[in-house]
Every structure is written in C-alpha cells, then in structure tokens.
There are 2 protein chains.
Amino acid sequence: MRILRLFAILDRMRVNRRPVSAETLAQALDVSVRTIYRDMATLQSMGAPVRGEGGIGYQLEKGYFLPPLHFDPDELDAIILGMQLISVRGDEQLANAAVRASAKIKAALLEGERDNFATSPLHAVSMPDEVPAASPLLSPIRLALRERMRLNITYKDLKEKSSTRIIRPLGLTVFDRVWLLTAWCESKSDFRNFRVDRIAEIIKTGDIFPRETGKEFHDFLQTL
Amino acid sequence: MRILRLFAILDRMRVNRRPVSAETLAQALDVSVRTIYRDMATLQSMGAPVRGEGGIGYQLEKGYFLPPLHFDPDELDAIILGMQLISVRGDEQLANAAVRASAKIKAALLEGERDNFATSPLHAVSMPDEVPAASPLLSPIRLALRERMRLNITYKDLKEKSSTRIIRPLGLTVFDRVWLLTAWCESKSDFRNFRVDRIAEIIKTGDIFPRETGKEFHDFLQTL
DNA sequence: CACACCCTGACAGTTTATGTCAGGGTCAAG
DNA sequence: CTTGACCCTGACATAAACTGTCAGGGTGTG
C-alpha cells in the first residue's frame with residue numbers, strides 16, 4: 001500500500017538528519033528512483049517539510065515533525081496553559097517560541113474547538129513587581145545544553161567574587177523565578193549548580209563533550 | 001488519490017462531533033459506501049481514533065486529534081518545559097494531564113531526539129515550603145468553564161464572611177501560585193474576580209449560559 | 001569540468017482500488 | 001420481540017492508479 005511507504009519515507013528521514021538520496025531510499029524500500037521522486041512530490045503537496053536539492057539529496061527541514069497525536073481536553077489545557085506560563089517566565093526567545101507553538105496548535109484545531117482555547121479562558125500572568133527579567137544568557141545556555149558544548153563561564157558568588165571555570169552544561173531547572181544550571185565542573189571534577197542570574201558571562205568553547213557515565217544529569221540526580 | 005480522501009474523512013469527522021453514517025460520507029465524497037468501510041478499516045489500522053457502531057455511525061473518540069505538526073527546537077523546549085511547570089503548579093488532575101501529554105509527545109519523537117528532552121535537561125520544580133496545594137475545586141471549575149455552565153459558589157472574603165452567588169465562569173488566571181477565577185456575577189450584573197482558594201464550595205447549576213456581548217472574558221479584558 | 005543528484009513527461013505493463021451484490025451482526029426505539 | 005438504521009466483510013469484474021524504463025534538463029560541490 002502506497003500510503004505506508006509514504007510514511008516509511010518520512011520515518012527514515014526523521015532517523016537520518018543528513019541528506020539522503022533518492023537512490024538510497026529506493027534501494028531501502030525496494031522501488032525505483034522514479035517512484036521516490038513521485039512520492040516526494042506527493043509528500044510535498046501534502047505539506048510535509050521535505051526538501052530536495054540537486055547534488056545533495058532530500059532532508060527534513062530542521063525541527064521536529066510530530067505525527068498525528070490525540071489529546072484529551074485536560075491534556076490540551078495543560079499544553080496551552082504551560083505555554084502561557086513559559087511566555088511570562090522564560091526569556092524572550094523561549095517566550096516567543098511558546099507563542100509560536102501555541103499558535104500552531106490552535107491553528108490546527110477546528111473553529112469550534114478553538115473557542116475553548118483561543119479566547120484564552122486559561123491564563124498565566126506575572127505580577128509586575130515580582131518577576132525579574134530572565135537572564136539574557138538563558139537561551140545561549142539552553143543552546144549549549146542541547147549541543148552538549150562545554151562552556152567557559154564567569155561566575156559571581158554571594159560575595160560578588162568572580163571566578164571562571166570550564167563546565168559541561170547538563171540541565172536547567174526553574175525554581176519559581178530562579179533558573180539553576182546544573183553542570184559538571186571540569187576543574188573540580190564534580191557536579192556544581194550555578195544560578196543563571198549570577199553568571200556574568202559565558203564563552204562557547206566549541207568543544208563537544210561525550211556521554212560519560214557518572215557525569216550526566218541523571219547521575220547528578222542519583223546524588224540527591 | 002486515496003490518501004487525500006482518508007484525510008478528508010478525518011477532517012469531516014473532526015467537524016462533526018455527532019456520529020456520521022458511512023452513507024453520508026459516501027455521498028459527500030462521491031464514493032460508494034463499501035469504499036468508506038474500506039477507508040475506515042485503513043484509518044483504524046493506521047491508528048486513527050475512529051470508532052464505528054452498528055445503528056449509530058462513525059465518530060472520533062473524545063479529545064482532540066491534531067494533524068502532523070512541525071516544531072522548531074525552541075518551540076518543543078517551550079512545550080516540554082511548560083508541561084513541567086504545570087505538573088508542579090496545577091492540581092492533581094491537570095498535573096496528571098501534563099504528564100500524559102508530555103509522554104505522548106516524547107513517545108512520538110525518535111530515540112535520538114528523545115534524548116534531548118526525555119532526560120529532562122529542562123526542569124521545573126517547586127520549593128517544598130512555598131507551594132500550597134492547589135484547590136480541589138480547580139478542576140471542576142475548569143470543567144464548568146469549558147462547558148460554559150453557571151455556578152453557584154460560596155465565597156469567603158478577607159474577613160471570612162461567606163456569601164453565595166450565581167456566576168458565569170469566564171476565565172482562570174494563575175498569578176504565580178494563586179488561581180483567580182474571572183466571572184460575570186449574575187446578581188451584581190458585573191465582572192468579579194474570586195481567588196479559587198477562597199471558594200468554599202461550588203454547585204453546578206446545570207444551566208448553560210449563552211455568548212453575550214459585554215459579558216465575555218475579552219469584554220472583561222477591555223475594562224483593564 | 002565532472003560527478004552526484006534532483007526533477008519531469010511519456011508509455012506499456014502491473015497492481016491496486018472501486019462498485020455491485022450478497023449475507024451477517026449490533027444498537028436503539030416502539 | 002420486531003423493525004429500522006447502520007456497521008461489517010468476502011467475492012468478482014472492471015476501472016483507475018501506480019510502477020519501471022527511457023529520455024532529457026537543471027542544480028550544487030569540489
């Protein structure tokens with residue numbers, strides 16, 4: 001059945017973030033290259049984020065392509081409200097992302113359903129005098145965390161004394177309004193936590209750290 | 001092309017929450033009833049939440065069936081973290097819903113992608129001495145809000161003085177740890193806000209209120 | 001420039017889908 | 001219990017869609 005092969009193509013491309021040629025897909029799925037070209041045209045006409053480039057191959061546009069999902073009303077409440085919370089608590093980049101994601105989900109709902117959410121009966125707002133601006137370093141830290149890139153950070157402790165160190169960023173935790181960066185400190189060879197608002201500067205090292213038993217976030221959780 | 005008709009069937013059923021007969025779909029899509037039966041079997045084999053009952057017709061299982069969506073990494077961070085926040089801030093029902101929704105999304109990610117999120121590099125936790133238990137009335141209020149059902153509430157003001165009134169629940173707002181119910185008060189003929197933790201009791205009236213200009217949540221927002 | 005690869009039309013042959021017919025089952029209302 | 005509405009599936013002839021081969025044209029990279 002052709003429809004299964006269309007989904008199979010998307011699955012293989014989700015697995016393979018590198019460009020993949022029509023020839024490779026054709027062999028894997030036991031069809032001709034011409035059929036793959038046809039399937040790609042069909043997928044694109046259906047709106048799938050697939051792009052092909054001569055000399056390169058096919059790949060999914062960056063991001064995460066989720067298949068159809070089914071949520072009950074409570075679950076959708078949780079998603080929408082969660083993004084409301086983020087839009088007032090995260091930094092600008094994360095807040096904008098929450099708005100975008102929320103819009104995508106709402107756009108996918110039907111008009112009658114949308115009323116339950118788009119008119120926003122559920123809200124998260126901050127009291128103006130309580131919420132400090134999230135650190136501008138939050139997003140670059142989040143990015144380094146995702147990339148698993150070591151950071152050189154300048155940190156001020158309670159006495160305003162500065163120190164620098166090389167860390168592996170492992171996790172970010174929000175305690176109400178305080179963001180805490182959990183890291184493996186290379187110079188101390190141990191886990192350390194840093195308040196993001198006390199990090200004065202970060203410098204990306206370009207140095208990717210490997211997965212290493214004993215130095216992962218779940219290892220830190222085991223110490224608690 | 002068949003795949004388009006399969007999606008068309010799902011779209012029509014999203015629009016129509018009542019059961020719809022194969023005959024109706026067949027006429028609408030200009031195919032035979034037998035073809036609709038085949039299409040339904042195909043959709044079910046693909047996991048679509050479609051159920052058919054003799055004498056009744058076909059309908060989608062309750063909930064919200066979202067089509068394939070594409071999120072960039074920041075957007076997915078926002079979604080996952082938002083649900084983390086909800087799981088520590090909402091009442092038990094909303095928190096459970098957040099956990100379930102989060103699990104569905106993570107299950108839909110590929111293993112390589114899942115590592116970015118399932119190992120939870122982003123967290124939301126509460127400091128144990130700061131978070132009061134969310135009111136047990138939160139979920140029934142949320143349900144009434146969704147159903148647009150008038151409530152009879154017993155409210156205690158700052159002086160512990162009780163009063164009862166009939167309200168139209170219009171919106172729920174979370175200020176950090178305080179949930180505020182925005183309502184149209186039928187006896188005062190005006191908007192009123194009630195802290196959920198000061199609501200002693202709610203009694204569902206079974207009375208559905210219509211959409212009425214001047215008495216909606218966005219009308220309240222206009223007064224600010 | 002050469003190589004890798006995307007892209008599309010045409011056509012004959014192959015495969016899948018469709019509509020009709022027949023027969024069996026469930027649910028709800030009277 | 002009966003009746004009507006509607007789901008469900010197999011069989012078969014016919015129609016439609018799909019496939020592979022061939023040909024020709026375009027883009028990106030080293």
Side-chain angles (χ1 to χ4, degrees), chain A residues 1-65 67-68 70 110 206, chain B residues 1-65 67-68 70 110 206:
Chain A
M1 185 161 52
R2 189 187 185 205
I3 188 171
L4 291 183
R5 192 177 67 238
L6 292 177
F7 285 132
I9 288 174
L10 288 177
D11 279 348
R12 283 176 178 272
M13 296 181 70
R14 290 169 74 195
V15 169
N16 227 340
R17 282 292 168 175
R18 300 249 178 87
V20 56
S21 70
E23 177 63 43
T24 303
L25 287 170
Q27 286 178 8
L29 298 172
D30 204 28
V31 292
S32 70
V33 174
R34 186 66 183 86
T35 296
I36 296 295
Y37 288 141
R38 288 197 182 103
D39 288 348
M40 291 299 179
T42 300
L43 287 171
Q44 285 168 0
S45 76
M46 284 160 60
V50 178
R51 293 294 170 262
E53 265 186 287
I56 310 288
Y58 288 99
Q59 63 193 133
L60 286 181
E61 291 178 357
K62 294 198 174 178
Y64 300 93
F65 183 51
H70 186 249
L110 296 171
Chain B
M1 182 162 49
R2 192 186 183 202
I3 188 170
L4 290 184
R5 193 178 66 242
L6 293 178
F7 284 131
I9 288 174
L10 289 177
D11 279 347
R12 282 177 180 273
M13 295 181 69
R14 288 170 73 200
V15 168
N16 227 342
R17 282 290 168 174
R18 301 249 176 85
V20 58
S21 70
E23 175 64 44
T24 303
L25 287 168
Q27 286 178 8
L29 298 172
D30 205 27
V31 293
S32 69
V33 174
R34 185 67 182 87
T35 295
I36 297 294
Y37 288 142
R38 289 196 181 103
D39 288 348
M40 290 300 178
T42 300
L43 287 171
Q44 285 168 358
S45 76
M46 286 162 59
V50 177
R51 294 293 169 263
E53 267 189 282
I56 310 288
Y58 288 98
Q59 64 192 134
L60 285 180
E61 290 178 357
K62 295 200 174 177
Y64 299 93
F65 183 49
H70 184 250
L110 296 171

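Worth knowing before you read on, the calculation uses all heavy atoms, side chains too, and leaves out hydrogens, waters and symmetry mates. These figures come from a predicted structure and were not determined experimentally. Order of the sequence lines fixes the chain letters, A, B, ..., with proteins taken first and strands second; residue numbering starts at 1 for each chain.
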Give a yes/no on whether any side-chain N or O of A/Y37 is located under 4.0 angstrom from OP1 or OP2 of C/dC6. yes
For A/R51, check side chain to side chain donor-acceptor pair (under 3.5 Å) against everything at least two apart and list the hits.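 Once residues adjacent in sequence are excluded, the partners of A/R51 under the side chain to side chain donor-acceptor pair (under 3.5 Å) criterion are A/E61.
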Rounding to an integer number of Å, can you tell me how far [X] [atom1] sits from [N] [atom2]?
X: A/I56; N: C/dA4; atom1: CD1; atom2: C1'; result: 9 Å
X: A/M13; N: C/dC6; atom1: CE; atom2: P; result: 10 Å
X: A/L4; N: D/dC18; atom1: CG; atom2: C1'; result: 15 Å
X: A/Q59; N: C/dC6; atom1: CD; atom2: P; result: 11 Å
X: B/R18; N: D/dA5; atom1: CZ; atom2: P; result: 19 Å
X: B/R51; N: D/dC6; atom1: CZ; atom2: C1'; result: 17 Å
X: A/L25; N: C/dC7; atom1: CG; atom2: P; result: 12 Å
X: B/E53; N: C/dA29; atom1: CD; atom2: P; result: 12 Å

Reported CG-to-NE2 distance for the pair A/L60 and B/H70, which is rounded to 0.5 angstrom: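 Spacing of CG (A/L60) from NE2 (B/H70) equals 7.0 Å.
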Pairs in or reaching into residues 18-28 of chain A: which pass salt bridge (Lys or Arg N to Asp or Glu O under 4.0 Å), with residues at least two apart or in two chains?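 Of all non-adjacent pairs touching residues 18-28 of chain A, none passes salt bridge (Lys or Arg N to Asp or Glu O under 4.0 Å).
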Contact string for nucleotides 14-25 of chain C, one letter per nucleotide 5' to 3', B = base within protein heavy-atom range under 4.0 Å, S = sugar-phosphate only, - = neither, reads ---SBBB----B
So A/L25 and A/V31, do their side chains get closer than 4.5 Å, heavy atoms only?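 No, every pair of side-chain atoms sits at 4.5 Å or beyond.
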Is there side-chain contact between A/R12 and A/T24, with at least one heavy-atom pair below 4.5 Å?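 A/R12 does not reach A/T24 side chain to side chain.
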Using a cut-off of 4.0 Å on non-hydrogen atoms, how would the nucleic acid contact of B/A22 be classed: base, sugar-phosphate, or nothing?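 Here B/A22 touches the backbone only, sparing every base.
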Without hydrogens or angle criteria, can the side chains of B/T42 and B/R2 be said to hold a donor-acceptor pair below 3.5 Å? yes
